[in-house]
Amino acid sequence: MEHKLYIYNTLSRKKEQFIPIHEDKVGMYVCGPTVYGDAHLGHARPAITFDILFRYLQHLGYKVRYVRNITDVGHLENDADSGEDKIAKKARLDQLEPMEVVQYYTNRYHKAMEALNVLPPSIEPHASGHIMEQIDFTKKILDAGFAYESEGSVYFDVEKYNKKYHYGKLSGRNIDEMLETTRELDGQSEKRRSVDFALWKKAAPEHIMRWKSPWSDGFPGWHMECSAMGTKYLGEEFDIHGGGMDLMFPHHECEIAQSTAALGKETVKYWMHNNMITINGQKMGKSLGNFITLEQFFTGNHPLLSKAFSPMTIRFFILQAHYRSTVDFSSEALEASEKGLERLMDGYARLQKLTASDNSTVETDGLRAKCEEAMQDDLNTPIVISHLFEALKSINLVHDGKATISKSDLDELKSVFKLFIEDLLGLQDESAISGTNDAYKKAIDLLLNIRLEAKQNKNWATSDKIRNELTALGFEIKDTKDGFEWKL
RNA sequence: GGUACCUUGGCCGAGUGGUUAGGCACCGGUCUGCAAAACCGCAUACGGCGGUUCGAUUCCGCCAGGUACCUCCA
């Protein structure tokens, strides 16, 4: 594989060249949603970030197995491995079977992802469907001596693990201090230390979501599913593990500990974390209650939104910032993205209609290389987009008859635009006319040709009437040098 | 309190030890019957104070402000 893709590895805190464990295959695991509520803007970020990576790795020629899980059990309401299961709570409140809640929100998540043109992963395993694997994984950790049973639950022994390995290597946390400060606080708990985390929890009698295990009727701890499912589908060692920065600790730290304890080796080579989306400078999240769901964006049904924003606008907005930067949401910023995207997509449509000349007076060389270079620099999509906007100027110049382009340059430009806009950035034409039939389009063309004739005869009354009435119906009419363009 | 990070022109947002990011908005111009679109031009920005350097927005230190994680969160 001839490339020099660099990605930022949270483990080393620097950009590293991506070299897969296996020659031509890449294994990639990304933490998916806990399905107890609608996906919000924050959920779109990792989905889109790793969608870009998924697409780009495939573009480089890798066969990628992309696993993104659905958390439908084990994710507890609050800390200290107590509290109610999120799914079970929602089910109780809505008087539904837990699996009804899971199905409902999974369907809605899929719908939102599809709207955002996020490709489905290769495998989307549910935690509840992998209880056996999680029990087996827990056994391995017990056998290795890094866990203990207490009152029917099993806990990970962080202190013991840390003596042999390094708990805190991902998040940079100093575990010795954590052990020091928490020593006296324990005692009452089933856990030896408050830093210990549950691998298996015994279910209280009223708890509906429960499975049999050697230790008790209960359910797996939250961190367990990713270790169990990741290694099941990607092997004991795989290339990339992704997720939001907020999962770094404790979730990913615990995952590393579990896998290392059970297997005696590092499972993941590259850890990647996307940054958060903020709103008024603060993280958008469930706990703060300051989130806006994707559906609210699509419908405009939220006090902070000036209008509805299309899925592609959301996608473009996210891609205009680097995935490791925070990006501050505002209606104003989204409107700016919307306009920029429209201009880019109009230019892309226009590109298809350009006619070639004998030679080029515009510079198209190097666009492909520059875009590739930006992608290879830790997926720098904002730079890719800026290059595309630069190239857009050439397209418009040719379109206006102020410049010419040769056949080969035109073909190259079309090819690069398709590759980056459609295939890699995953931006789709959302205009209402795409997909409608030819007869309809021809009818509009006919009307506008009549208008053109009227214009040529200086019959402004007729030409304006046609334009105004079409405009009133929602069409956008643009006169060009020797004709017209329209869209709905 | 611990740890990490951030502070770029009206807004969003890249990036770099000395050369234009890009988008949106504004203003001026070209084009046009008008309009729209398009094109051209237009901002010489990098929190403050020191230091290193021939030269720092970019490196170092201090200060100010902000954020994230340390409990569930993408």
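Just so it is clear, the structure is predicted and the values come from calculations on it, not from any experiment. First the proteins, then the strands, lettered A, B, ... as listed; each starts at 1.
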(message) I'd like to know if K286(A) pairs up with D246(A) as an ion pair, taking the criterion as any Lys NZ or Arg NE/NH1/NH2 lying under 4.0 Å from an Asp or Glu carboxylate oxygen.
(response) no
(request) Could you tell me whether a side-chain N or O of S463(A) sits under 3.5 Å from a main-chain N or O of W460(A), the two making a donor and an acceptor? (result) yes
(request) Mark yes or no for whether E295(A), through its side chain, and D38(A), through its backbone, hold a donor-acceptor pair below 3.5 Å. (result) no
(message) At less than 4.0 Å, is any side-chain N or O atom of N274(A) found next to OP1 or OP2 of A74(B)? Yes or no.
(response) no
(message) With no hydrogens and no angle check, just 3.5 Å: does a side-chain donor-acceptor pair link Y8(A) and H322(A)?
(response) no
(message) Could you measure the distance from the NE2 atom of H130(A) to the CG atom of N69(A)? Nearest 0.5 Å is fine.
(response) 10.0 Å
(message) At 4.0 Å (heavy atoms only), tell me whether M284(A) reaches a base, stays on the sugar-phosphate, or touches nothing.
(response) base
(message) What's the closest nucleotide to the side chain of P250(A) if the choices are U71(B), G23(B), A14(B)?
(response) U71(B)
(message) Short of 4.0 Å, heavy atom to strand atom, which residues of residues 314-325 of chain A count as contacting RNA chain B?
(response) Q320(A), A321(A), H322(A), S325(A)
(message) Please determine whether a side-chain nitrogen or oxygen atom of R343(A) lies at a distance below 4.0 Å from atom OP1 or OP2 of G23(B).
(response) yes
(request) Would you mind telling me which of C11(B), A38(B), C24(B) lies closest to the side-chain atoms of E332(A)? (result) C11(B)
(request) In whole angstrom, give the distance that lies between atom CD of E373(A) and atom C1' of G22(B). (result) 16 Å
(message) I'd like to know if the side chain of R210(A) and the backbone of A204(A) have a donor-acceptor N/O pair within less than 3.5 Å.
(response) yes
(request) Could you tell me whether the phosphate oxygens of A37(B), OP1 or OP2, come under 4.0 Å of any side-chain nitrogen or oxygen in N396(A)? (result) no
(request) Treat a base pair as Watson-Crick or G-U wobble with both distances under 3.5 Å, then lay out RNA chain B in dot-bracket form, 5' to 3', with | for cross-strand pairs. (result) (((((((..(((.....[...)))..((((.......)))).....(((((..]....))))))))))))....
(message) I'd like to compare against my own output: the B/S/- annotation of nucleotides 26-35 of chain B with a strict under-4.0 Å heavy-atom distance to protein.
(response) -------BBB
(request) Specify the separation, in whole Å, of atom NZ of K339(A) and atom C1' of G23(B). (result) 11 Å
(request) Examine A21(B): is either OP1 or OP2 under 4.0 Å from a nitrogen or oxygen in the side chain of K370(A)? Give yes or no. (result) no
(message) From CZ of F389(A) over to C1' of G22(B), roughly how many Å is that when rounded to an integer?
(response) 7 Å
